Every structure is written in structure tokens, then in C-alpha cells.
2 protein chains.
Amino acid sequence: MAATQIIADTDEPTARQQAVLDAVLSLMVEEGDQLTMTAVARRASCSKETLYKWFGDRDGLLTATVRWQAARVRAGRYDRPTLDIATLRDSLKGFAETWLAVISSPTSIALNRLAIGHAASRKSNLGGIVLENGRFAIGERLRPVLEAGREAGLLAFDDSETAFRTFFGLVGRDVQIRLLLGDGLTLGPDEVARDAARATDQFLTLYGRMTAAPEA
Amino acid sequence: MAATQIIADTDEPTARQQAVLDAVLSLMVEEGDQLTMTAVARRASCSKETLYKWFGDRDGLLTATVRWQAARVRAGRYDRPTLDIATLRDSLKGFAETWLAVISSPTSIALNRLAIGHAASRKSNLGGIVLENGRFAIGERLRPVLEAGREAGLLAFDDSETAFRTFFGLVGRDVQIRLLLGDGLTLGPDEVARDAARATDQFLTLYGRMTAAPEA
DNA sequence: GAGTTGCCGTACCGTACGTTACGGTTCGGC
DNA sequence: GCCGAACCGTAACGTACGGTACGGCAACTC
């Protein structure tokens, strides 16, 4: 009952445990399918016994991995509510760039594939965790920006959730589903920047209170 | 070399084989995870030996299932190029409704989960087949509509592919990824119709050559 | 009516993998 | 120098599942 306990849902993993979780992530990205406990132990240079002592079972290990990656991604800053249209546009564009970079990263793709596979079965809702730290987290972080924009008279919408979902669609389009299904689509920094700018302009055309926005 | 041959990529499955494939689909939707050859044989009231004779191996069965479902979905009509704005809007809205209904159907969700899981491993690209018959098929079918709209002076865009991807994003937004990850989101006929209309209006606001479009 | 064909049901085989157990090693505390 | 804790590497166990083999049965052919 003492010493190295099974890692609880709220605990911060130790440095060694983080190394193990990073091994899981790298293995997930590289091998995709072959995410076996033996492979993890080998990659992380630890024994299977240790894996089970720390994480309980395979699901516990995967859950801890998803949380670990989520904590890393969530380390983005909370943008100050904006006052003028240029700052608002920059904020939106920044969010779009971050989001596009995330969903097109090999780690995100592998993690989402895993979570989606798990959503098919019932047990241990990895999908919920991914949603909570991905789609919904970014929604919560963007909401104050949108509402500040509305209060400043820059945006017009009834429901910030609906407005966000439109923005989400304009940014992501078919990127995530194509990548998840194995399409060879690649998104370099240039494309990310260009797509983010386009999505932002389109969003401002739809929801902006001013002229400004370019023609398509 | 005669009699019941392994079903080739181009062959039409026989009625009995279709029944088997439907059993696979129903099992996929209901059980999700437990898509074992034994379960399929039991559900379809056939022997495993027959499954292997007809479909070669598990991957062949899954591939045939994906194709079978694709053939069923593809049975949509090819819309006539439009001439006036009302017809164009109806065409777009029809596409949006169809697409939303498809991606929110339990069958599509289960099928996409399966294909995404397979995309992680290398073998037999189910993901490619799903993409080809889903995302890309609808893109090809919508293209002539968009280009007819442009030729009629109703739409303005440089690249029809880019325009379509925007429409795709406006229609789908976060629906597919949320459903794939197991979110409890439900989309009734009312929501489908409303979302399709909203997406169409937004698209026409962005790409339309006329006033018409509502305010957000 | 004997042979052939196609298929069902089931038992069986080999393997992969989650999980457990155990011997050996390192290391901090006394 | 000794003890116990933590951990590594690996062997072993149990099970689930893909794939194969075989006996039985119904329909059809000659």
C-alpha cells in the first residue's frame, strides 16, 4: 500500500513514468498497430511487471498516455480578450494555426486512431478524454475570444457555440478525417498558415460586423 | 476453378453473399468490437469454411463489406447542373442533407471506425476505399454542380476543389469526429435539415455572386 | 439410386498477446 | 556488510481468435 502506487487519475506521473508514456507515444506513431505491452516494455527499457504495477492494466497505460499527451498540448496560453479587429483576427488565426498543427501531427493522428478504435468497444472511454482535451478544450478557450469580439461590436452571433462550430469546420474541413483514414495529405507550415488565414477571413465574412473581409 | 469462386474486386456478390455482408454490417454496428469470424458465421448462419471460401480471409471479408456498403450509398442520383440560384441552393442543400445523414448513421460510424483502425496498420487499405467512396466520391459529384453554378454566374471561385472543401467543412463541422470518438451527439432529421440549410447559406455568402444570403 | 456439389456445424490447431511469476541486479539506509 | 525495496529481463500461463479440417445433409445430375 506504500511506495510506487498505481498512478491515480489525478496524479502527475514521475519523470520515469513520463519516459514510459513517451515511449508509448513514439511506438504508437511508428508502429501504429503493434502497441503490445511487450513492445512498450522493450522500447521503454522497463519490465512488464513495472508497467502493470504503475498502470494497472493495458487500458490504464493507454489512458495515462492520452492524459499525458493532453497535458502537454493544453500548455497553450489563454489569449487576452481583444478590442480591435486586427487583434481579433490574429487571435483567431493563431487558434486556427495551432489547431491545424495539432490535428495534422503524427502523434495526434495515432492517438485519435487509438481512441476511435476504443470507442467502438465500451470499456474505458479514451474517446471521451480525447474529445474533452481536444475539441471541447479548444472550444472553451476560444469562447471568451468570440464573446469579447461580440461585446466590442466586432462580431455578431446568437450562440457562441454555433459560431465556434462554424469556425471549427472552416479550419479543419476534411483534413482530420482524411488523415485518420490514411490519406497521404501533408500539411507544411506554409499550408497551415495559409489555411488558417483563409478560414479566419471566411469566418469574419460570415460573422464579422465590418467590411474588411477579402473576397473569398 | 469453377463454381463459387473467391469474390473478385469487381464482382457483384450473390444474394446469399450480400446477406452475409449485411450480417457483418449489423454485427459491426451492434457489437462494434466483437467482429470475429466466428461471430459473423453465427450471425449469418453460415460456416466459417464458407466465409473463407468466398472472401479469402478476414481482410477480404471486411473489404467486400466496405465495398458493398459503398455501392449502396453511391446509389444517389447525379444532379443536373443548375441554372438559377434557387435550384443551385436546393442542390447544395440536398447534398448537405445527404452527407450529414450518412456520416451520422450508425453504419457509417462503425465502418469508419473500422477503416481508421485498419489505417493504423499497413495491410489492405480499407481507409482508402472508404475515402474513395465517401469524401472523394461526393467531391466528384458536387464538382459539376459548383462549376455549373460558376458558369451561370452564380458562384465565384478559382478552384472548385477548394470551394468544395469549404462547403464540406461548413456542413460537417465537428460532427464526424465527435461521433467517431463516441460523443453522444444525435442528429435527427430536423437538425440535419437545419444544419444543411445553414451550411448552404453560409457557403453562398462566401462564394455567391449575389446579395440574397441571410445574415449569418 | 449412386455420385457430386455446396454448405452447415463444430472440433481443432497455431499463434499472438495480456497478464503473472520469478530470478538477478542495483541502490539507499543502518 | 546486510536488508529490503524497486526494478529489469525473461520465462510461463491462459485465452481469444484467425484459419483449417472433417463429418453430415440436402439438392441436383446422370
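Here is how names work: the chains are called A, B, and so on, in the same order as the sequence lines, proteins then strands, and each is numbered from 1. Note that the structure is a prediction, hence the values are computed from the model and not measured. Values reported hereafter were calculated over all heavy atoms of this structure, with side chains retained and with hydrogens, waters and symmetry mates removed.
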Would you call D195(B) and R173(B) a salt bridge, taking side-chain N to carboxylate O under 4.0 Å as the test?
yes
Grab the CG-C1' distance between D59(A) and dT19(C) for me, whole Å please.
14 Å
Would you kindly give the CD-to-C1' distance between Q17(B) and dC7(C), to the nearest whole Å?
13 Å
Tell me whether the rings of Y207(B) and F157(B) are parallel (<30°), tilted (30 to 60°) or perpendicular (>60°).
perpendicular
Do T166(A) side-chain atoms and T162(A) backbone N/O form a donor-acceptor pair below 3.5 Å?
yes
Quickly work out the L51(A) CG to dC17(C) P distance and round it to whole Å.
15 Å
Please say whether the positively charged group of R141(A), taken as NZ for Lys or CZ for Arg, lies over the ring of F95(A), i.e. under 6.0 angstrom from the six-membered ring centre and within 45 degrees of the axis.
no
Charged N to carboxylate O under 4.0 angstrom, D201(A) versus K93(A)?
no
side-chain contact (heavy atoms from CB on, under 4.5 Å) involving N125(A) - partner list, sequence neighbours excluded
none
Report all interatomic pairs (protein N or O, nucleotide N or O of nucleotides 8-10 of chain D) with separations under 3.5 Å.
{"residue": "dC8(D)", "atom": "OP1", "partner": "R16(A)", "partner atom": "NH2", "Å": "2.8"}
{"residue": "dC8(D)", "atom": "OP2", "partner": "S47(A)", "partner atom": "N", "Å": "3.2"}
{"residue": "dC8(D)", "atom": "OP2", "partner": "T50(A)", "partner atom": "OG1", "Å": "2.8"}
{"residue": "dC8(D)", "atom": "N4", "partner": "E49(A)", "partner atom": "OE1", "Å": "3.0"}

Given atom NZ of K53(B) and atom P of dG19(D), what is their separation to the nearest angstrom?
17 Å
Measure the distance from OH on Y52(A) to P on dG18(C) and round it to the nearest whole Å.
6 Å
Do S108(A) and N112(A) have side-chain atoms, one donor and one acceptor, less than 3.5 Å apart?
yes
For nucleotides 13-17 of chain D, list the nitrogen or oxygen atoms of the protein found under 3.5 Å from its nitrogen or oxygen atoms, one pair per line.
none

Could I get the full list of ring-ring contact (aromatic ring centres under 6.0 Å, His included) partners for F167(A), not counting sequence neighbours?
F203(A)
Heavy-atom count around D158(A) CG within 6.0 Å, excluding the residue itself: above 12?
no
Output all residues satisfying side-chain hydrogen bond (donor to acceptor under 3.5 Å, both in side chains) with R113(A), sequence neighbours left out; order by chain, then residue number.
none
Protein-nucleotides 26-28 of chain D N/O pairs closer than 3.5 Å?
none

Checking T50(A) side chain against C46(A) main chain: does a donor-acceptor pair fall under 3.5 Å?
no
